[in-house]
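Data block below; observations after.
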Amino acid sequence: KAYEAVTPHQSESNFKTTGKITNTEFEIAGDYLTRNCQSWTWEGGDHTKEKQFLPRDKQFLVTRGVPSLRRAATLEDYSAADDMLKSDLSKEDEGWVATKATGYAGKSRSTRDDADIPDLSGSGLHHRGAKAKPIEDDIPDMNDLALQDEAADEATAPDTPRLRSTETTSDLVKTRTYDLFITYDKYYSVPKFWLIGFDEDRQPLTTEQILKDVSEEHAKKTITVDPFPHGNFTAASIHPCKHSAVMKKMISMAAGSATSKELIVDHYLVLFLKFIASVIPTIEYDYTMASVV
Amino acid sequence: MQPGTVSPEPDRQILRYVPFQSKVTQGFWQGLSDLKLETLRLSEDPLDILGYFAPSNYENLSPQFQIDDESFRPILPASDTPAEAARRAQHEVPGTLHNLNSIERFAAFDKQAAQRAVNQQIWQDIRSGAAEAHPQLLQRFLLFTFADLKQFKYHYWFAFPALQPPAPFTLAQPIASLVNAMGPAVAQQVAAACQSWRERAHLQPQSNGSPGERHSAWLLLLAQDGSHVTHHPLNSWQQVQQEAARQQARVLLACDDPSASERFPGWPLRNLLLLAAVRWGIQEVGVVCVRCLRGPVSAQRCLYVHAHMPSLPPGWCEPDGCPSSIGWEVGPVPGKLGPRVAELASSMDPHALAQSAV
């Protein structure tokens with residue numbers, strides 16, 4: 001916080017050489033993201049925590065209720081991809097980022113298609129079973145509350161989460177969801193990624209549970225739980241200290257491969273989300289922008 | 001339907017809806033804990049809070065109703081958010097929180113009296129026209145909580161009251177996707193009008209900051225022969241109706257729909273249909289259930305519901321009566337209404353956090 005108060009803003013754009021962006025560039029890239037991936041929107045958050053270097057209504061980017069159908073451990077050849085990422089960061093080799101980031105994203109998506117959902121719902125059921133017991137013990141019986149006999153309400157859809165049995169013919173699946181946030185980290189001059197998770201019953205996930213959706217390597221090293229800067233809650237976040245190095249590589253790769261279009265700072269957050277997808281492979285991100293860069 | 005029931009259209013299917021599934025963030029429980037320790041203390045007075053829902057954005061996900069740290073905005077004047085910084089992707093609706101001091105109070109509290117009070121509010125807002133000017137009043141909610149602050153254990157129970165008409169709304173024709181019901185060209189026009197409604201609302205910061213003028217989940221569409229579709233706020237019903245008669249166009253209701261089901265719309269449609277029956281005397285209406293796909297409104301995902309209203313007996317619930325409502329959330333036991341518990345010691349207890357941080 002003190003750092004934010006005393007340092008001048010970077011005024012010159014050198015995102016291609018450093019992988020860092022200024023607050024103004026964050027805004028430009030955020031505008032581009034919200035225009036082209038409309039599930040992301042700007043928000044102002046708690047305005048007593050407003051950062052003066054960003055517009056009041058554009059303090060951070062958010063998308064809510066994003067499904068996560070599978071756990072990281074079940075994603076095959078995950079560790080292979082992660083090894084690449086790891087070795088690459090250390091070796092400073094060229095040529096890995098674009099292939100890995102896009103290639104991996106593509107792969108996780110195709111495996112997702114033949115994801116065996118029955119298995120998931122099975123484990124979900126197990127989870128609920130375990131949970132239901134203490135609750136029944138805990139709470140005085142409220143059945144004597146003569147609430148309207150809603151079970152017999154003719155107008156409530158029958159095979160919905162209301163009736164959580166396996167034999168429903170519902171077209172809804174029970175799955176984890178995430179709320180995702182991107183803030184601007186002034187100290188590192190990069191975006192910072194945050195997530196809060198919810199289980200199949202929409203109860204908050206613990207950090208331990210969230211780590212199962214994060215690549216093993218990153219789960220141990222780069223995920224921290226911090227107070228979210230624009231609200232009154234804590235969230236898991238990816239520590240931004242390596243972001244600029246990774247982004248620099250991704251930018252140079254993207255610039256090298258894109259023949260027709262010049263890479264501009266507007267695309268920065270789209271690239272950033274590709275990087276995030278390698279850290280958290282289990283959440284259904286928007287890849288609608290894949291063609292742009 | 002019971003054997004003795006008189007029904008003019010016995011073979012019509014009943015219109016059914018997918019209930020909300022509540023989603024409470026850790027930030028909400030944190031905020032409630034702070035509030036209780038610092039401000040409320042032993043007070044059990046009801047509090048105004050906010051809840052949020054959005055049109056379905058992903059296939060197969062159950063409808064979500066969210067409350068979080070921002071839900072306390074109405075009772076924290078210091079954090080009063082300027083109108084232009086309001087959430088864009090989610091609809092804000094008013095709710096009442098009853099935070100109770102013990103598990104016994106939580107169990108014994110007269111929830112039905114609270115429910116009746118909300119029924120009255122919704123009913124009055126419908127009859128007075130307030131709900132047309134401020135449609136978010138159609139989706140009020142109730143929340144009962146007991147916060148066990150020592151154990152970081154939070155008991156809670158939601159109700160999303162939907163007023164009940166004298167007989168259920170029925171389907172004049174089977175529910176279909178918008179594309180199947182209207183054809184791809186018209187469906188695109190309708191989706192484009194709904195998308196433009198959403199974007200227009202985003203672009204216009206409210207000059208007077210009035211909360212009622214925010215981007216609403218409920219609106220009217222005027223479809224001229226399928227070639228041109230325009231969007232209108234609910235309170236312009238009379239004008240839109242006259243316009244439709246002049247141009248031989250159709251008026252449709254539209255409702256942002258949190259349900260992802262291909263067969264059932266979500267909960268927010270219920271009170272809108274009652275409003276249409278009570279205030280406008282509609283007997284039959286086409287409704288577009290507006291859904292998105294990863295952001296923009298998706299013509300493929302939207303549903304078309306052709307609803308048939310039950311006839312309202314003269315003087316039904318007038319002048320002082322009020323319809324009953326349903327909408328209590330199911331608990332952890334399948335199919336059974338009941339409260340839920342969030343156990344958050346592992347993410348909120350400073351001792352546990354200190355240990356896991358080592």
Side-chain angles (χ1 to χ4, degrees), chain A residues 37-39 41-48 56-57 59 64-67 128 131-132 134-136 138-140 142 145-148 150-151 153-158 160-165 170-175 177 179 196 198 201-204 206-208 231-234 284 286 288, chain B residues 14-19 21-23 25-27 30-31 54 57-58 60-62 64 66 68-70 78-79 81-82 84-85 87-90 103-104 107 111-112 155 168-169 260-264 294-296 324 326 328 330-335 337-342 344 346-347 356:
Chain A
C37 296
Q38 289 181 25
S39 57
T41 48
W42 283 111
E43 266 182 32
D46 181 346
H47 99 111
T48 59
R56 160 173 278 195
D57 59 339
Q59 294 280 305
R64 293 192 175 85
V66 185
R128 282 195 298 285
K131 219 177 209 170
I135 293 169
E136 279 178 306
D138 246 36
I139 298 192
M142 300 205 192
L145 262 181
L147 295 177
Q148 308 250 342
E150 294 193 32
D153 171 35
E154 299 167 289
T156 299
T160 63
R162 260 182 118 66
L163 300 175
R164 298 167 176 182
S165 58
S170 172
D171 48 358
L172 305 179
V173 296
K174 291 175 68 74
T175 180
T177 60
D179 291 358
I196 55 175
F198 300 86
D201 290 317
R202 303 281 179 270
Q203 301 264 14
T206 65
T207 311
E208 287 301 305
N232 181 25
F233 59 93
T234 58
E284 289 213 2
D286 291 305
T288 44
Chain B
I14 289 173
L15 172 55
R16 301 198 283 187
Y17 319 80
V18 184
Q21 194 179 17
S22 67
K23 167 180 160 187
T25 69
Q26 184 220 319
Q30 185 66 55
N57 201 23
Y58 296 93
N60 308 125
L61 272 193
S62 56
Q64 301 184 36
Q66 174 157 343
D68 52 37
D69 57 316
E70 290 189 43
S79 63
T81 304
E84 73 267 22
R87 293 191 185 184
R88 299 160 204 234
Q90 290 181 304
I103 190 72
E104 290 78 20
K111 301 183 183 63
Q112 288 182 285
H155 302 258
F169 299 109
S261 165
E262 288 168 14
R263 292 178 294 158
F264 308 109
R294 289 163 171 77
S324 59
I326 61 160
W328 292 91
V330 289
V333 181
L337 304 178
R340 303 168 68 193
V341 183
L344 298 178
S346 61
S347 39
S356 67

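Numbered from 1 within each chain, the chains take letters A, B, ... in sequence-line order.
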Query - Shortest non-hydrogen separation from N232(A) to G31(B) and the atoms involved - result: ND2-CA, 3.8 Å

Query raised in the report: Does some side-chain heavy atom of D201(A) sit less than 4.5 Å from a side-chain heavy atom of R340(B)?
Result: yes

Report summary line: Minimal heavy-atom distance between R202(A) and S62(B), with the atoms involved, is NH2-OG, 3.1 Å

Report task. Output yes when D57(A) and R87(B) qualify as a salt bridge under the 4.0 Å nitrogen-oxygen rule, no when they do not. Result -> no

Query raised in the report: Are Q66(B) and D179(A) close enough, and set up right, to give a side-chain contact (heavy atoms from CB on, under 4.5 Å), and what steps lead you there?
Result: CA-CA 11 Å; Q66(B) 174 157 343; D179(A) 291 358; 3.4 Å; yes

Query raised in the report: For N57(B) and S39(A), which heavy atoms make the closest approach, and how far apart are they?
Result: ND2-CB, 3.7 Å

Report task. Mind running side-chain contact (heavy atoms from CB on, under 4.5 Å) on I196(A) and Q26(B) for me, showing each step along the way? Result -> CA-CA 9 Å; I196(A) 55 175; Q26(B) 184 220 319; over 6 Å; no

Query - 4.5 Å side-chain heavy-atom contact, R294(B) and Q38(A) - result: no

Query - Residues forming a side chain to side chain contact (heavy atoms under 4.5 Å, CB included) with A54(B), sequence neighbours excluded - result: Q90(B)

Report task. Under 4.5 Å heavy-atom distance to chain B, tell me which part of T234(A) shows up: side chain, backbone, both or neither. Result -> both

Query raised in the report: What part of N60(B) gets closer than 4.5 Å to chain A, counting heavy atoms only: side chain, backbone, both or neither?
Result: both

Query raised in the report: Does the side chain of T177(A) reach to within under 4.5 Å of the side chain of Q64(B), using non-hydrogen atoms?
Result: yes

Report task. Would you indicate whether the side-chain heavy atoms of V18(B) and L172(A) approach each other to under 4.5 Å? Result -> yes

Requested in this report: For residues D69(B) and G231(A), report the shortest heavy-atom separation together with the two atoms involved.
Outcome: OD2-CA, 3.3 Å

Report task. Measure across F233(A) and G27(B) and return the closest heavy-atom pair with its distance rounded to 0.1 Å. Result -> CB-CA, 3.6 Å

Requested in this report: Compare every heavy atom of Y58(B) with every heavy atom of R64(A), then report the nearest pair and how far apart it is.
Outcome: O-CE1, 4.5 Å

**Report entry** Any donor-acceptor N/O pair, R88(B) side chain to W42(A) backbone, under 3.5 Å
**Finding:** yes

Query - Check: Q203(A) and L344(B) side chains under 4.5 Å, non-hydrogen atoms - result: no

